[in-house]
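Written out below as structure tokens is the structure these notes cover.
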Amino acid sequence: MILADFGAQVVRVDRLSRAAAVSTHGDVQARGKRSLALDLKRPQGTAVLRRLCRRADVLIEPFRHGVMERLGLGPEVLLQENPRLIYARLTGFGQTGKYAKSAGHDINYLALSGVLSKLGRKNENPYAPVNLLADFAGGGVMCALGIVITLFERARSGRGQVIDASMVEGVAYLSSFLWKSQKVGLWNEPRGENLLDSGAPFYEVYRTSDGKFMAVGAIEPKFYNQLIKGLGLNWDELPAQMSLFGWPEMKKKFASIFAQKTQAEWCSIFDSTDACVTPVLSFDDAASHQHNKERSSFIKNDQGEISPRPAPVLSRTPAVPSCKRDPFIGEHTEEILLEYGFTKQEIAKLHSDKAIELNKLKANL
């Protein structure tokens, strides 16, 4: 989706709809993609994909180690036929190692990276923040970055290469700050008792009187001073900001004060300050918040669905995300094959052999 948002022509190779029907959910990030329905279990189907890859810039494959090789679609085959191909292999555990052929999900990759051990409150089990860190940040975004890097290198060398994008390693790399800051005193205390992991009263989320929340991140003394002022407290009557022994009591005091006003009332107090205090917004509220509206940070498609605008914003060649609805499985099969040089006769034969699926929409008259 990232690549499509920024101008790439993306073809999603789907299983035939009768096989894909067993999936629990569809591709909710199909924006800008076209669908080619192909049966890779049939030799005719794998032959089609090989032919497509001879003209493609990038292939992204998400299978566990060995699956593509068994299909005769491994990198040694496809790169020989198209030496400029970028072959991106996005998996949880990577192409080698003990778990290379094992199943897993975001929480498992997060656990193996070491990052999960840092997430969670005091005296509670570690917790995974939904599936954003390993699946999307360490996986999808890192893989997209790898693709951009290899395309840039190919512009110089003229040669493609294989990307081994492991979600375990991707999220571990994202956590480089945690690894490299261990000796500077940021993580000396147990989980949930440090500066940035909910230990500090000035880096925390507090409930308001109307059941909403405010996020506080007043780390620097000049920001902390404005937080104390906004809360109506006297700096001289409080323990030192960095006194760990005073943090539990200060959290109780801050919580008691935040609970006395609504979220809107706290916004009116802190919005014009540098106290680093902001409302915790729901998705609906985020899309309608003044700051986000002024930046057009959220977009709406033809069906009225709201989602985040692609980031970052480029000054000369900004992303132009598609506003069309998501594709149906096989909706663009014929269109894509014709573009890649297949004849109508070849397409008809593939269809009769059940190697492809043509799923054109019919008008409702």
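Count residues from 1 along the sequence. Both backbone and side-chain heavy atoms feed into the values below; hydrogens, waters and symmetry mates do not.
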When you look at Thr150 and Ile163, which way does the side-chain contact (heavy atoms from CB on, under 4.5 Å) test go after all the steps?
CA-CA 8 Å; Thr150 50; Ile163 299 171; 3.6 Å; yes
Ignoring hydrogens and angles, state whether a donor on the side chain of Arg64 or Ser102 is under 3.5 Å from an acceptor on the partner side chain.
no
My understanding is that only residues two or more places apart in sequence, or in another chain, count here; which of them pass side chain to side chain contact (heavy atoms under 4.5 Å, CB included) with Val130?
Leu132
Flag if over 12 foreign heavy atoms under 6.0 Å of CG, Leu238
yes
Less than 4.0 Å between a side-chain N and a carboxylate O, is that true for Asp197 and Lys118?
no
For Met142 and Tyr173, run side-chain contact (heavy atoms from CB on, under 4.5 Å): C-alpha distance rounded to whole Å, both residues' side-chain angles, the deciding distance at 0.1 Å, then the answer.
CA-CA 9 Å; Met142 283 295 186; Tyr173 189 33; 3.6 Å; yes
Roughly how far, to the nearest 0.5 Å, is the OG1 atom of Thr333 from the CG atom of Asn359?
8.0 Å
Report the residues that fulfil side chain to side chain contact (heavy atoms under 4.5 Å, CB included) with Ser282, sequence neighbours left out, ordered by chain and then residue number.
Asp284, Asp285
Checking the side chain of Gln226 only, and the main-chain atoms of Asp274 only, is there a donor and an acceptor separated by less than 3.5 Å?
yes
Partners passing salt bridge (Lys or Arg N to Asp or Glu O under 4.0 Å) against Lys344 (at least two apart in sequence or in another chain)
Glu334
Please report the shortest heavy-atom distance between Cys323 and Asn301, naming the atom on each side.
O-CB, 3.4 Å
Got a sec, which pairs hit salt bridge (Lys or Arg N to Asp or Glu O under 4.0 Å) with one end in residues 146-167, sequence neighbours left out?
Asp57-Arg154
Evaluate the side-chain contact (heavy atoms from CB on, under 4.5 Å) criterion for residues Thr91 and His65: first the C-alpha distance (whole Å), next the side-chain angles of each, then the deciding distance (0.1 Å), finally the verdict.
CA-CA 8 Å; Thr91 61; His65 175 77; over 6 Å; no
Stepwise salt bridge (charged side-chain N to carboxylate O under 4.0 Å, His left out) test for Asp302 and Lys324
CA-CA 6 Å; Asp302 291 343; Lys324 297 179 181 178; over 6 Å; no
Qualifying residues under salt bridge (Lys or Arg N to Asp or Glu O under 4.0 Å), relative to Arg34, sequence neighbours excluded
Glu335, Glu339
Gln290 CD: over 12 foreign heavy atoms closer than 6.0 Å
no
Sorted by chain and number, sequence neighbours left out, side chain to side chain contact (heavy atoms under 4.5 Å, CB included) with Ile60 holds for Leu3, Val58, Ala88, Ile147
Non-hydrogen side-chain atoms of Leu110 and Pro129 separated by less than 4.5 Å
yes
Which pairs pass ring pair (Phe, Tyr, Trp, His ring centres under 6.0 Å) with one or both residues in residues 110-158, sequence neighbours excluded?
none
Which heavy atom of Ala37 sits nearest to which heavy atom of Gly330, and what is that distance?
CB-CA, 3.6 Å
Shared hydrophobic cluster, Val115 / Met167 (ILVMFWY, side-chain heavy atoms < 4.5 Å):
no
Correct closest heavy-atom pair for Asp326 and Asp27 would be OD2-O, 3.8 Å
Got a sec, which pairs hit salt bridge (Lys or Arg N to Asp or Glu O under 4.0 Å) with one end in residues 65-83, sequence neighbours left out?
Arg50-Glu81, Arg54-Glu81, Glu69-Arg89
Pairs involving residues 228-256, ordered by first then second residue, that meet ring pair (Phe, Tyr, Trp, His ring centres under 6.0 Å) (sequence neighbours left out)
Phe202-Trp247, Tyr224-Trp235
In sequence, state the C-alpha distance, the side-chain angles, and the governing distance for Glu331 and Lys33, and then conclude on salt bridge (charged side-chain N to carboxylate O under 4.0 Å, His left out).
CA-CA 11 Å; Glu331 181 177 349; Lys33 305 175 189 178; over 6 Å; no
Straight-line distance of Gln182 CD to Trp187 CH2, nearest 0.5 Å
9.5 Å
Pairwise ring pair (Phe, Tyr, Trp, His ring centres under 6.0 Å) hits with a residue in residues 68-107, at least two apart:
Phe93-Tyr99, Phe93-Tyr109
Taking the basic N atoms (NZ, or NE/NH1/NH2) and the acidic carboxylate oxygens, is any pair closer than 4.0 Å for Lys41 and Asp39?
no
Salt-bridge contact Glu346-Arg51 (side-chain N to carboxylate O under 4.0 Å):
yes
Using the side chain to side chain contact (heavy atoms under 4.5 Å, CB included) criterion, which residues pair with Leu52? Sequence neighbours excluded.
Leu36, Val48, Leu49, Leu337, Tyr340, Phe342
By salt bridge (Lys or Arg N to Asp or Glu O under 4.0 Å) - contacts of Glu249 (at least two apart):
none
Is a side-chain N or O of Thr262 found less than 3.5 angstrom from the main chain of Ser209, in a donor-acceptor match?
no
Looking at Ser243 and Ala240, would you say the former's side chain and the latter's main chain have a donor-acceptor pair under 3.5 Å?
no
